[in-house]
Each structure stands twice: as structure tokens, then as C-alpha cells.
2 protein chains.
Amino acid sequence: MIEPRIIKELQNLVGKQHVLTSPEDLVAYSYDGTFAERRPDVVVSPNSTEQVSQIMGLAYREEIPVVPRGMASGLAAASVPINGGIVLNLCRMNRILEIDELNFTVTAEAGVVTQDLADAVARKGLFYPPDPSSIKQSTLGGNAACNAGGPRCLKYGVTSDYVRGLTVVLADGRVIKTGGKAIKNVTGYNLTQLFVGSEGTLGVITELILKLIPLPKVARTAKAVFPKLADASQCVNRILTAGITPATIELMDETTIATIEEAMHLNLPLDVEAILIIESDGMDEQRVNQEIEAIADICRATGAREVQVARTEKERNDLWVARRAISPSLARRAPNKLGEDISVPRSAIPDAVAAIKEISRQVRIPIAIFGHAGDGNLHPNILFDRRDPVQVEKMKKAAAEIFRVALQLGGTLSGEHGVGSLKRPFVEQDVGPVFIDVMNQIKKALDPKNILNPGKVIPGPVPGGRDLFAW
Amino acid sequence: MIEPRIIKELQNLVGKQHVLTSPEDLVAYSYDGTFAERRPDVVVSPNSTEQVSQIMGLAYREEIPVVPRGMASGLAAASVPINGGIVLNLCRMNRILEIDELNFTVTAEAGVVTQDLADAVARKGLFYPPDPSSIKQSTLGGNAACNAGGPRCLKYGVTSDYVRGLTVVLADGRVIKTGGKAIKNVTGYNLTQLFVGSEGTLGVITELILKLIPLPKVARTAKAVFPKLADASQCVNRILTAGITPATIELMDETTIATIEEAMHLNLPLDVEAILIIESDGMDEQRVNQEIEAIADICRATGAREVQVARTEKERNDLWVARRAISPSLARRAPNKLGEDISVPRSAIPDAVAAIKEISRQVRIPIAIFGHAGDGNLHPNILFDRRDPVQVEKMKKAAAEIFRVALQLGGTLSGEHGVGSLKRPFVEQDVGPVFIDVMNQIKKALDPKNILNPGKVIPGPVPGGRDLFAW
């Protein structure tokens with residue numbers, strides 16, 4: 001519970017209409033993209049870095065937990081307020097401040113929806129590549145806080161590769177600026193990349209300077225159907241070792257294919273182990289055509305039964321329909337899913353997929369596997385029903401086993417979703433106790449009162465809070 | 001002075017022959033690539049992460065400063081032991097541990113010379129792009145500690161873009177591993193990038209997992225002579241906004257051209273303001289040829305008086321002779337030089353060059369300007385004679401003015417050399433007091449006894465040490 005005098009003070013800071021306390025409003029801010037849930041005590045929506053600074057000053061003085069929040073599309077419960085307190089809703093800070101066409105940068109507030117930014121810069125012939133599946137909902141601040149990825153990251157890199165500078169409000173309300181428009185910058189520690197991916201536990205990102213690149217003019221897409229998943233994986237290696245870097249190489253396993261087909265009737269083959277969707281893009285039509293044909297040849301040479309290269313934009317969109325249908329299709333198949341996000345060395349993909357299939361068989365719970373084969377980032381989705389405690393136990397068991405497989409193969413818990421609450425219990429297995437200790441020291445140094453998104457990322461007890469994922 | 005019992009203990013840890021204390025040995029480890037100089041008390045050369053861990057454990061217990069050192073080619077006095085203590089020479093740790101051709105990674109010890117690594121992976125058809133001018137001397141550990149750049153960074157990015165994982169020995173001797181072979185990794189804070197660029201002040205990098213890419217098969221180089229420097233700068237923007245990203249765009253101003261010509265007699269034009277050396281590379285000969293011709297066309301269209309595209313490998317090497325001749329030529333012109341490293345938004349290059357020329361005129365000291373025009377990273381080299389106190393004062397004044405110009409134009413003190421001792425007095429002007437405070441908090445958290453390369457990067461007094469650059 002937050003005292004009325006504090007609510008009053010918050011109202012004075014941002015205006016009464018931007019401070020929410022009614023139960024129906026609080027419920028709306030108690031979720032993210034997982035099935036976790038916890039109501040905040042109050043939702044505050046600032047409109048400027050200065051207001052965020054004032055709110056943090058107050059929270060610091062009063063020792064109230066603050067959970068920064070964009071559109072809460074996260075998949076690790078990083079923005080669920082597990083200790084209650086203030087949800088700091090940054091969505092009003094949605095201004096694109098400057099598109100610098102000479103220096104290929106854009107400066108924008110944290111609450112700008114990523115797709116809106118991508119559209120705005122595309123109108124100037126520029127390209128902001130990071131494309132998380134949530135791109136139409138999620139915000140730049142959330143993307144940076146979680147270091148979001150996406151299919152195009154194979155060729156273009158993840159969000160962190162595009163963050164050149166930040167404005168961040170610290171736990172005590174002080175404002176820090178990191179980086180800038182200069183491309184190369186080694187003055188002082190790389191605090192930019194310390195804040196990126198720290199999931200709101202070290203500071204509140206309020207403004208970003210992002211790198212842009214020239215907008216590719218052409219894209220061509222191919223679908224390749226592989227009877228054997230090992231062949232599909234071999235194909236990925238052959239493409240990349242040939243010096244070709246497609247924009248995307250997306251993998252769907254047989255469970256995923258079957259789930260999509262059941263829901264959408266797209267005429268997908270049900271007797272194959274894998275489909276790859278591969279996109280090539282660039283500035284020159286002829287070159288892109290050559291590249292996609294070279295890719296198609298490699299697919300055929302490595303055992304693809306069928307390779308379809310889209311000839312028109314409509315055909316290209318049709319190929320992506322299946323990929324985009326994954327999430328809604330999974331939702332039809334089971335009431336709940338736990339979307340995992342392991343990342344393994346690319347060469348370990350066949351072993352990872354085989355091991356996850358074995359887990360599915362042994363635990364007797366369906367797991368659909370899809371993801372970004374080109375960079376070794378897989379999304380095994382465990383399908384279950386939360387209302388059935390037996391299924392919940394199976395889900396937990398399967399998830400823990402999947403994490404174990406990732407680590408065994410030299411990989412990591414999360415490629416692009418982050419740790420949040422969800423994976424905290426597994427972090428130490430991944431990074432070891434010294435790494436945890438260093439994270440704790442840095443957290444204490446930057447947030448001595450532990451008010452910034454407490455109980456996230458770093459393992460440990462959640463004082464006064466509920467651990468939502470007590471595996 | 002270090003007590004004999006500690007020397008003895010160090011000898012027991014690494015073997016007597018790997019502990020140096022004689023004055024002539026200490027002198028050899030008292031320099032870097034600047035004109036700074038300070039002798040350590042002892043030089044210790046470990047052969048493994050375990051030995052580094054033991055040495056740090058001892059140093060921590062006894063509170064002895066430790067300065068990690070590769071080949072000491074740094075240009076900011078980061079590896080000069082300004083407090084004395086232990087120089088930790090990592091050059092014996094020069095093993096390439098694994099080249100993973102499937103996952104495009106190489107694992108190597110910190111003391112491997114960068115060119116040796118690049119050669120070893122090139123033999124497998126793989127490419128390690130970072131190419132600091134010191135590539136034939138400098139080591140991977142030093143490159144990572146300083147986040148080294150180089151001409152090719154325009155297209156390929158800097159060292160940090162290639163560091164996927166680290167083994168680091170902390171101040172108290174504990175060993176931490178960050179990252180790994182997985183391409184995407186968001187498990188926990190990005191400690192990898194916190195250690196990269198921290199210049200040995202937060203930990204000792206002993207092993208690195210580096211990203212590789214396919215080796216380009218073809219490179220073509222052009223030289224373009226511009227009567228007006230503003231036209232050369234405009235040319236750079238036109239190339240990049242056309243969606244062309246050459247591997248390198250190197251700029252030489254008229255003072256640099258005159259200095260090279262005086263020393264080397266290469267028949268360079270002495271009546272022009274700028275020469276650009278532009279290289280295009282890739283997998284396909286025809287495409288690279290098209291790209292370099294498109295670049296040559298843009299050069300001509302933006303005011304180049306003469307554009308020469310190398311037709312043979314010999315012609316290409318000849319074009320690079322001038323660029324490589326810069327440093328030796330400068331050495332002929334004046335006994336000393338202060339090589340600066342400002343980085344500005346690319347569009348600000350003409351303003352930066354004009355302002356630096358004005359400083360040169362006003363302070364009456366020669367400044368040669370060259371650098372990486374494509375990414376806004378300039379190396380104004382102030383030429384002077386250390387033995388002449390008047391010239392030293394002028395050098396200091398000009399350097400301070402150059403820093404001021406960089407900041408005024410939205411740039412930063414250092415693009416690729418780092419802060420070291422040299423730029424400490426100017427860091428606060430660049431990043432502000434809150435940034436400094438956060439760096440101090442992180443430094444205290446990771447190195448509570450301030451034994452790791454004390455008196456570097458973060459501004460402040462140097463307890464017990466001499467500030468080598470009291471501007």
C-alpha cells in the first residue's frame with residue numbers, strides 16, 4: 001500500500017489523470033506477455049525525462065519499488081510488479097525527436113512503438129532493423145531494456161547493436177547521458193551497454209539515440225521443406241559458410257508445422273521434420289535474386305524436398321503467413337504456452353532439437369520448436385493448461401530440462417527474451433556464482449535501496465514479493 | 001618498493017625467470033606508444049589464467065597496484081604503471097586455443113598478437129576484421145581492453161563488435177567467464193561489454209571468444225584527390241547515403257600529404273586539401289568492381305580532381321603506401337607527436353577539420369590531420385619537441401582546444417585509443433559528473449582496494465602516483 005500523501009505528490013508531479021489507482025486500472029498493468037500477474041499499487045505515466053527524474057527522486061526517498069514499463073509485451077515477466085509499488089508507464093513518452101539523415105541516427109523517447117519508428121525512418125530511406133515479433137506493440141525503451149532480437153538479427157544484429165546513446169534516470173533521480181551520435185566512442189566505461197539488457201534494474205531508459213542504416217530496396221523469400229531436420233541444419237551451415245548472410249533463416253519443426261496447419265489450413269506438408277523460411281535482401285535486385293537462387297540451390301543440395309522462391313510480393317507475404325501464424329496457432333492448441341528462448345552455438349541446433357523432442361516425449365507434454373536457426377536462437381514453446389496442476393508440473397519439468405540442454409550444449413538461457421522473473425532460478429547454473437556476485441555488486445552500486453525493478457534478473461529471494469516462478 | 005618476500009612469492013608462482021626486477025628490465029616496461037614513462041617495481045609474466053588469478057590474489061592481499069600489459073602499443077598511456085607496482089605482462093599467454101569453423105568463432109589467450117590471429121583464421125577462410133594500425137604488435141587482450149578500432153571499422157565495426165565472451169580475473173583473483181559461443185545472449189548484465197574498453201581497471205582479460213565472419217575474396221582500392229576538403233567530406237556522405245558501405249574511407253589533409261611527400265617522395269599533389277583512400281571488398285569480384293566504380297563516379301561528381309582505381313594488387317599496395325607512411329613521416333618532421341583521436345558525428349568532419357586548422361594557426365604549432373572519415377574518427381597529430389618547454393605548452397594548449405572542438409560538435413574525446421592517463425583531465429567535460437560518479441561506483445564495486453590499473457580512465461587525483469599529463 002502506498003500512502004495517500006504519496007499518491008497526492010505523484011499527482012502533483014504528472015497530473016491527476018496520469019496517476020491510476022482504481023482496481024480495474026491496476027489489473028490492466030499487472031500482466032506482461034507471460035502468464036505471470038501481480039497488481040501494482042499505483043500506475044504513473046510521466047511525459048518527460050524530468051518527470052521520470054522527479055518520480056524516481058520520490059521513490060528513492062520513500063523506498064518504493066518502481067517497475068519501468070513500455071507495452072509489457074515481454075516474455076519473461078520483467079515488467080510484472082512482483083513487489084507491487086509503482087508501475088512507471090512510459091508510453092506517453094512517444095515522440096520521435098530527430099531523424100538525422102546525414103549521420104544515420106534517430107533520437108526518440110522510450111515509449112515510441114518500434115514499428116512506428118521503423119516506418120518513420122523508412123520514409124526517409126533509412127532502416128531500423130531490429131524486428132522482435134512484438135514490433136507493432138513493443139517500445140524502444142522496452143526493446144533496449146531487454147535487448148530484443150528478431151528474425152532479421154541474423155544479418156543485422158540485435159537491438160544493442162543499434163543503441164548508440166541513452167538518457168537514463170538513475171535510482172535516486174539523477175539523469176545520466178551515455179554515448180552520442182559519434183559512431184566510435186571509447187571515452188569511459190561502456191555504460192550504454194550496461195543499461196541495455198539490464199531490464200530496468202539499473203536505471204530507467206527515457207531517451208535513445210539509435211543507429212540507422214540505408215533501407216534495403218529489395219527482399220526475396222524462399223521456403224524450403226526438409227524431410228530431415230538434420231539436413232535443414234546442415235543447409236544453414238552450408239549457406240553461411242558459403243559467405244552468404246541472408247536477412248533471416250527461420251526454422252519450424254514438425255510439431256510447429258502441424259499446429260499451424262491444424263489452425264490455418266495452409267497446405268503445409270505434415271510428413272516432414274522441418275521447414276526453413278529464408279529471406280535475402282539488399283540494394284540491388286539482380287544481386288538479391290542471385291543470392292536467393294544460390295540459397296535455393298544449397299537447400300536442394302542438402303536434402304530439401306521442395307524449394308519455393310517467391311516471385312511476387314504477394315507470394316512473399318504468403319510465405320511469411322505461416323511464420324506469423326505460429327503464435328496464434330499455438331494459442332488454439334492449448335490454453336497456455338511457455339515460450340522459451342534458448343540460444344546455442346549454431347552448430348548445436350540439431351542436437352538441441354533432438355534433445356527437446358526427447359524431453360517432450362519423456363515428460364509427455366507437447367513442445368513446438370521454432371526460431372532463428374541462423375543464429376542458434378530457438379523458441380521451444382511448451383503447450384499446457386494452467387488450470388491443470390499436473391500439466392503445470394510437467395511444464396515446469398520440461399522447461400528446466402530445456403534450460404539444462406541449452407547449457408550442456410554451450411548455450412544460454414535466453415537469446416532475446418531476457419531473464420525477468422521467469423528464468424531467475426536458472427541464472428546461476430548458466431553464469432556461475434562469481435558472475436552473480438559481480439551483478440549484485442553493480443546492482444548495489446547503482447541502486448543501493450533496491451527499488452528499481454526488484455526481484456528481477458539477479459537470483460535471490462524476493463523481499464516482500466512473491467516469486468512467480470518457484471520452480 | 002615491493003618487499004623481497006613478495007618478489008619471492010611471485011617467483012614461486014610463475015618461475016624465477018618470469019619475474020623481472022633489474023633496472024634495465026623495468027625500463028623496458030615503463031613506456032607505451034605515447035611519450036609517457038614510469039617504471040614498475042616488478043614485471044611478472046604469467047602463463048595461464050590460474051597464474052594470473054594467483055598473482056591478483058597476492059596483489060589484493062598486499063594491496064599492490066597491478067597494470068595489465070600486452071605489447072604496450074597503446075596511445076593513451078593506459079599501460080604505463082604510473083603508481084609503480086606490478087606490470088602484469090600477458091605476452092606469454094599467446095595460444096590460439098580453438099578455431100570453430102562451424103560457429104565462426106575463435107578462442108584465444110589475451111597475449112596473442114592480433115595479426116597472428118587474423119592470419120590463422122584467414123587460413124581457414126575466416127576473417128577477424130578489427131585492424132588497428134598496431135595490428136602487427138598489439139594483442140587481443142589490449143585491443144579488447146581499449147576497444148581498438150582501425151580503418152576497416154567503417155564496414156565491419158570495432159573490436160567490441162567481435163568479442164562474444166571473455167575470461168576475466170577480478171581484482172581479488174576470482175575468475176569470471178562472460179558470454180560464450182552463442183550468438184545471442186541476454187542472460188544477465190552485459191559484463192562482456194563492461195570489461196571491453198575498461199582499460200584494465202575492472203579486471204584482467206585473459207581469454208577471449210571472438211566472432212569471425214567469412215573472409216572477403218576480393219578488395220579494390222581507389223585514391224581520390226580533392227582540391228577542397230569540404231568536397232571530400234560531401235563525397236563521403238554521398239557514398240554512404242547511396243547505400244554503399246566501403247570497407248574503409250581514409251582521409252589525409254594537406255599537412256599530412258605534405259609531410260608524407262617530404263619524407264617519401266611519392267609524387268603526391270601538394271596543392272590539394274584532401275586525399276581519400278577508399279577500399280571496397282566482398283565475396284564477388286564483379287560486385288566489388290561495380291562498387292568501386294560507383295564510388296569513383298561519386299568522387300568525380302563531388303569535385304575530385306583525379307581518381308585512381310588500382311587495377312592490380314601491386315597498384316593497390318602502392319595506394320596504401322601513402323596511408324601507411326603517415327606515422328614514420330610524422331616522426332621525421334618532429335621529434336615528438338601527440339596523436340589525438342577525436343570522434344565526431346560524420347557530418348561534422350568539415351567543421352572539425354576547419355577548427356583544428358584554425359587552432360594550428362593560432363597556437364602556431366603544426367597539426368597533421370588524418371583518420372577514418374567514414375565514421376567521423378579523426379587523428380589530429382600535434383608535432384612538437386619535448387625538449388622545448390614552449391613547444392610542450394603549445395602542444396598542451398592545442399590538445400585541449402581540439403578536445404573542446406570535438407565536444408562542441410557533439411563528438412567525444414576518443415574514438416579508438418581510449419582515455420588512459422592522457423585524457424583523464426578532460427573526461428568530465430565530455431561525459432559529465434553523474435557519469436563519472438557511476439564509473440566510480442562501479443570501479444569501487446569491482447575493485448574496492450583500487451589496485452587494478454589505478455589512476456586511469458576515471459578522473460581524480462592519483463594517490464601516490466604522478467599524473468603524467470597535468471595539463
Side-chain angles (χ1 to χ4, degrees), chain A residues 102-103 146-147 149 153 158 160 170 174-178 180-191 193-194 196-198 214 237 241 243 283 287 343-347 375-377 410-419 423 427 430-432 434-435 438-439 441-442 444-446 457, chain B residues 102-103 146-147 149 153 158 160 170 174-178 180-191 193-194 196-198 214 237 241 243 283 287 343-347 375-377 410-419 423 427 430-432 434-435 438-439 441-442 444-446 457:
Chain A
L102 271 181
N103 290 305
C146 297
N147 194 8
C153 297
V158 294
S160 60
L170 299 176
R174 287 182 302 165
V175 178
I176 182 172
K177 287 189 186 249
T178 72
K181 281 190 187 177
I183 296 171
K184 291 158 83 176
N185 184 339
V186 294
T187 308
Y189 298 159
N190 192 345
L191 300 186
Q193 297 302 333
L194 183 63
V196 170
S198 68
N237 284 331
T241 51
M283 305 306 283
R287 289 181 195 178
S343 179
V344 296
R346 189 172 56 227
S347 65
D375 48 28
N377 183 202
T412 185
L413 299 181
S414 180
E416 57 186 17
H417 294 175
V419 172
K423 288 162 216 159
V427 170
D430 186 338
V431 301
V434 181
F435 194 111
V438 170
M439 287 205 290
Q441 296 301 326
I442 291 173
K444 269 184 213 157
L446 270 77
V457 185
Chain B
L102 271 182
N103 290 304
C146 297
N147 195 8
C153 297
V158 293
S160 61
L170 299 176
R174 287 182 302 165
V175 177
I176 181 173
K177 288 189 185 248
T178 71
K181 281 190 187 177
I183 295 171
K184 291 158 84 176
N185 185 338
V186 294
T187 307
Y189 298 158
N190 192 345
L191 300 186
Q193 297 302 334
L194 183 62
V196 170
S198 67
N237 284 330
T241 52
M283 306 306 283
R287 289 179 194 180
S343 178
V344 296
R346 188 170 56 227
S347 65
D375 48 27
N377 183 200
T412 185
L413 299 181
S414 180
E416 56 186 17
H417 294 175
V419 172
K423 289 161 217 159
V427 170
D430 186 339
V431 302
V434 181
F435 194 110
V438 170
M439 286 204 290
Q441 296 302 324
I442 291 172
K444 269 183 214 157
L446 269 78
V457 185

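Chain A is the first sequence line, chain B the second, and so forth, proteins listed ahead of strands; every chain is numbered from 1. Fair warning: this is a prediction, and the values are worked out from it, not measured in the lab.
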Would you mind checking which part of [X] comes under 4.5 Å of any heavy atom in chain B, side chain (CB onward), backbone (N, CA, C, O), both or neither?
| X | answer |
| --- | --- |
| A:T178 | both |
| A:V158 | side chain |
| A:L446 | side chain |
| A:M439 | both |
| A:N147 | both |
| A:D430 | side chain |

Of the non-hydrogen atoms in [X] and [Y], which two are nearest, and what is the gap between them?
| X | Y | value |
| --- | --- | --- |
| A:K177 | B:F435 | O-CD1, 3.6 Å |
| A:K184 | B:T412 | O-CG2, 3.8 Å |
| A:P345 | B:N103 | C-OD1, 3.4 Å |
| A:G411 | B:A182 | CA-CB, 4.5 Å |
| A:R346 | B:I183 | NH1-CD1, 3.7 Å |
| B:R174 | A:V434 | CB-CG1, 4.2 Å |

Which of B:V457, B:N377, B:L170 touches chain A most, by non-hydrogen pairs under 4.5 Å: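 Sorted descending by pairs with chain A, the first entry is B:N377.
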
Options [options], ranked by heavy-atom pairs under 4.5 Å with chain B, top entry:
| options | result |
| --- | --- |
| A:L191, A:N237, A:V175 | A:L191 |
| A:K444, A:E416, A:H417, A:R287 | A:R287 |
| A:G376, A:G197, A:G188 | A:G188 |
| A:V186, A:V438, A:V344 | A:V186 |
| A:L413, A:V196, A:V427 | A:L413 |

Side-chain donor/acceptor of B:T187 to backbone N/O of A:S414, under 3.5 Å: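 Between the backbone of A:S414 and the side chain of B:T187 there is a qualifying donor-acceptor contact (under 3.5 Å).
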
Side chain to side chain contact (heavy atoms under 4.5 Å, CB included) between A:I442 and B:L194, intermediate numbers included: CA-CA 11 Å; A:I442 291 173; B:L194 183 62; 3.6 Å; yes

Any side-chain donor near an acceptor of the partner, B:N185 and A:S343, under 3.5 Å: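 There is no such pair (donor and acceptor under 3.5 Å, judged by atom type) between the side chains of B:N185 and A:S343.
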
